[in-house]
Number of protein chains: 2
Amino acid sequence: MSTGPKPQTIGAVERAADVLNAFTELDGATAGVTELSDRLGLSKAVVHRILASLRARGFIDLDEQTRRYSLGPASLALGLTYLQQIDVRDAARSVLRDLSEQTNETATLSIRRGDVRMYVDQVTPAREVKMTVQLGHPYPLHAGASSKAFLAHLSAAHVDEYLAGPLEALGENTITDPVLLRLDLGEIRKRGYAASFGERQEGAASIAAPVSDHENDTVAVISVCGPVERFRDEVGAIAPVLLEATRELSRKLGWEG
Amino acid sequence: MSTGPKPQTIGAVERAADVLNAFTELDGATAGVTELSDRLGLSKAVVHRILASLRARGFIDLDEQTRRYSLGPASLALGLTYLQQIDVRDAARSVLRDLSEQTNETATLSIRRGDVRMYVDQVTPAREVKMTVQLGHPYPLHAGASSKAFLAHLSAAHVDEYLAGPLEALGENTITDPVLLRLDLGEIRKRGYAASFGERQEGAASIAAPVSDHENDTVAVISVCGPVERFRDEVGAIAPVLLEATRELSRKLGWEG
DNA sequence: GCGGCGAGTTCCGCTGAGCGGAACGGCGTT
DNA sequence: AACGCCGTTCCGCTCAGCGGAACTCGCCGC
């Protein structure tokens, strides 16, 4: 992050960006003016004008029957343009599928940008009770196996800086004590993978391991996740399969061990 | 489109959206302040403030060494949130791969939103001279096989409305005469697929056919494309393979013929 | 049918947020 | 060293955008 003075910004533009970000955080695909107004603390008139402006440029669609708003095609264009800059998702697809088949659980792929990470792909097993994750939603780096797998492989300076900030609890089991977290990160590095039982999402368990590229950077994290009740018994069998999958994808990305 | 009076918008927000859209249209992954300023006809100070505002909310990244800007993770979150609303891409993946293997050419998947369509997936063959397309870039509905395949299957009223508007030429071979285009659309519907030789992109040729869902709506278009020189000789053999692929995906999406 | 309610939409007076021109600082080239 | 170009910052000026409130419409209960 920049240490200089903060550059001049435009409040109206920031508020519009807040509106767009709200759509990635909401549970439903559509939102109404009042809902966004309450959520963001803006007047209905402002929200309405922002939505109308973004709609004029393709970022927002309006269903004129229900009078509710959803993301528009320019949003997709933006995301796919961003994805063009990375090809990890394509390379990982077959690895994820094999991993899901071998474990009979959900396999996910995450990437990190700054101090957040997000799921960018998943393969779910052909069974009724299973986990599915929300693609694109940003998560902090301390909560959940995939997040901690990234955090454990950042530089010591970056870890220090991250742990000096607020550690938000996503659920009852999220580790928010920096001392405990450091111990966990040490275990993760020694063991090769991170584990989480309800830290990011109650009822959900997962193990996750990093994927490296030709520069030995951690460019992605692969996880296997499922409902807590049955996952505890499966971890021992899943871990070596996960580690082999991450090695396979790492080799694909030019990692040489 | 709404026929009522245009709602109040915010100019600053529209200008910010123009900046974001510019990143989906540029050839490179990064852009500088002056380049965007020239492109959009805004002062450098305005562009800088817009970029700073969008950066504050995660939509833009700044490389502090090169002092150039690129899309940030919130852009990806937006696109993937949008993608969550559709699952065509997942369903089509194996169909695209088989199609590319059988034809030894690039297979693409497009979706349409309003009067634009975009590539949302592609599978390229294992050969050196091949076509690749840019995911996420919006194209008008009259230029190129994938676009025309959508246009040919819109309602007559929608086609009338579209053809009454300006038909921008993307290249020398783009059809911009509404009368000629109507004839072509009729052929497309009769033949079952659209063909293009350099209409969207010079040197590129493709054929494309629609994919239908359980409501018989055209929800996607699949194309096979390659360099013009060799494609002319291959069209006859590729067409039935393409049509079978679209029928297969359509059945997957609940189409019953 | 009527009235109330809640949602999205529109209007308009007011003022400070945002604009643009220009200066500044840094870097690369000659 | 001078120059050009880029991104960044500053500041005077004014109108773009804000918020409060009225409006419209659809739904629901009586």
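Naming: A, B, ... by sequence-line order, numbering from 1 per chain.
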If I take atom [atom1] in residue [X] and atom [atom2] in nucleotide [N], what distance separates them, rounded to the nearest angstrom?
| X | N | atom1 | atom2 | answer |
| --- | --- | --- | --- | --- |
| Arg68(A) | dT9(C) | CZ | C1' | 16 Å |
| Leu42(A) | dG8(C) | CG | C1' | 16 Å |
| Lys44(B) | dC24(C) | NZ | C1' | 11 Å |
| Glu35(A) | dA7(C) | CD | P | 10 Å |
| Asp38(B) | dC5(D) | CG | P | 12 Å |
| Ile60(A) | dT9(C) | CD1 | P | 12 Å |
| Leu36(A) | dT9(C) | CG | C1' | 15 Å |

Between [N] and [X], is there an OP1 or OP2 to side-chain N/O distance shorter than 4.0 Å?
| X | N | value |
| --- | --- | --- |
| Tyr69(A) | dA7(C) | no |
| His48(A) | dG8(C) | no |
| Thr34(B) | dC5(D) | no |

Using five pairs at each end of the helix from dG1(C)-dC30(D) to dT30(C)-dA1(D) to define an axis, what is the angle between those two axes, to 10°? 40°

Which residues pass the side-chain contact (heavy atoms from CB on, under 4.5 Å) test with Leu62(A), not counting sequence neighbours? Arg55(A), Glu64(A), Tyr69(A)

The side-chain contact (heavy atoms from CB on, under 4.5 Å) partners of Ala194(A) (sequence neighbours excluded) come to Ala145(A), Lys148(A), Ala149(A), Ile188(A)

Do Ser146(A) and Tyr119(A) touch side chain to side chain, with heavy atoms closer than 4.5 Å? yes

Please confirm whether the backbone N or O of [Y] pairs with a side-chain atom of [X], one donor and one acceptor, at under 3.5 Å?
| X | Y | value |
| --- | --- | --- |
| Thr106(B) | Met131(B) | yes |
| Ser53(A) | Arg49(A) | yes |
| Arg57(B) | Ala17(A) | no |
| Ser147(A) | His142(A) | no |
| Ser37(B) | Val33(B) | no |

Note: Leu54(B) and Ala16(B) closest approach over all heavy atoms is CD1-O, 4.1 Å

Excluding sequence neighbours, so at least two apart, what forms ring pair (Phe, Tyr, Trp, His ring centres under 6.0 Å) with His158(A)? none

Under a 4.0 Å heavy-atom criterion, the protein footprint on nucleotides 10-18 of chain D, written with B, S and -, is BB-----SB

Expected rows: protein N/O vs nucleotides 24-28 of chain D N/O, under 3.5 Å:
none

Charged N to carboxylate O under 4.0 angstrom, Asp160(A) versus Arg182(A)? yes

